[in-house]
Amino acid sequence: QVQLVESGGGLVQPGGSLRLSCAASGIIFTIWTMGWYRQAPGKQREMVAVISDSAITNYVDSVKGRFTISRDNAKSTVYLQMNSLKPEDTAVYYCYAKASTEGIKFPLDYWGQGTRVTVSS
């Protein structure tokens, strides 16, 4: 019903920055929540940052002060600005959206395919 396409991942040195983008498409009624999750090798997937339709944000403690999540409702896009990157930030980052569509008016969870972020010298 909703497709999420991420971009902006890549290889960066420790201390560097990346900006991830995720654009939602489909016949969308309302996107309630958007966010980013990540899964590092050998670890469980974890929530990194989420932002509600009212722009309330939440971050995992390990990225507070370094990452900033934002959204552009006109473009149905969520961003994650990542600064001061550390090797432990290395993971596949997945875009997330809780959205209602024109055909399904109650919210469902949607996931992108993921974009890889590697922080290494």
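Along the sequence shown, residues are numbered consecutively beginning with 1. Worth knowing before you read on, the calculation uses all heavy atoms, side chains too, and leaves out hydrogens, waters and symmetry mates.
- In plain terms, the two heavy atoms of T77 and K75 that are nearest each other are OG1-O, 2.9 Å.
- To the nearest 0.5 Å, atom CD1 of residue I69 and atom CH2 of residue W36 are 8.0 Å apart.
- A donor-acceptor pair is defined here as one N or O able to donate and one able to accept, closer than 3.5 Å; no such pair exists between the side chain of T90 and the backbone of T118.
- Here the CZ-OG1 distance, from R71 to T33, works out to 7.0 Å after rounding to the nearest 0.5 Å.
- Rounded to the nearest 0.5 Å, atoms NZ (K98) and OG1 (T30) are 13.0 Å apart.
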- Message: Go through it in stages, so that I can follow the logic: the residues are K86 and D89, the test is salt bridge (charged side-chain N to carboxylate O under 4.0 Å, His left out), and I'd like the CA-CA distance, side-chain angles, deciding distance and then a yes or no.
- Response: CA-CA 5 Å; K86 304 175 180 179; D89 295 318; over 6 Å; no
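- In this structure, W111 CH2 and R45 CZ are separated by 3.5 Å, a value rounded to the nearest 0.5 Å.
- Within 6.0 Å of CH2 on W32 lie no more than 12 heavy atoms contributed by other residues, nucleotides or ligands.
- There is no path of hydrophobic side-chain contacts, each under 4.5 Å, that joins V5 to L80.
- Judged by distance alone, with hydrogens and angles left aside, the side-chain atoms of Q1 form no donor-acceptor pair with the main-chain N or O of G26 at under 3.5 Å.
- In this structure, A24 and L4 approach most closely via the heavy-atom pair CB-CD2, 3.5 Å.
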Which atom pairs, one a donor and one an acceptor, fall under 3.5 Å between side chains of residues 7-22 and the rest of the protein, sequence neighbours left out?
unit_1 : atom_1 : unit_2 : atom_2 : d
S17    : OG     : N83    : OD1    : 2.9

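- Each of Y94 and V78 belongs to its own hydrophobic cluster when Ile, Leu, Val, Met, Phe, Trp and Tyr are linked at side-chain heavy-atom distances under 4.5 angstrom.
- Two residues are said to be in side-chain contact when any heavy atoms from C-beta on lie closer than 4.5 Å; F67 and L85 meet this criterion.
- Separating the OG atom in S100 from the CD1 atom in I28 is a distance of 10.5 Å, to the nearest 0.5 Å.
- Residue V60 is grouped with residue M34 when hydrophobic side chains (ILVMFWY) are merged at heavy-atom distances under 4.5 angstrom, including chains of intermediate members.
- Rounded to the nearest 0.5 Å, atoms OG1 (T68) and OH (Y79) are 14.0 Å apart.
- Counting non-hydrogen atoms of other residues, nucleotides and ligands closer than 6.0 Å to CD of Q3 gives a total above 12.
- For the pair E102 (side chain) and I27 (backbone), a donor-acceptor distance under 3.5 Å is absent.
- Residues V2 and I31 share a single hydrophobic cluster, defined by chaining ILVMFWY side chains whose heavy atoms lie under 4.5 Å apart.
- Between V63 and R38, the closest side-chain pair of non-hydrogen atoms falls below 4.5 Å.
- Hydrophobic clustering (side-chain heavy atoms under 4.5 Å, transitive across Ile, Leu, Val, Met, Phe, Trp, Tyr) groups I51 together with Y59.
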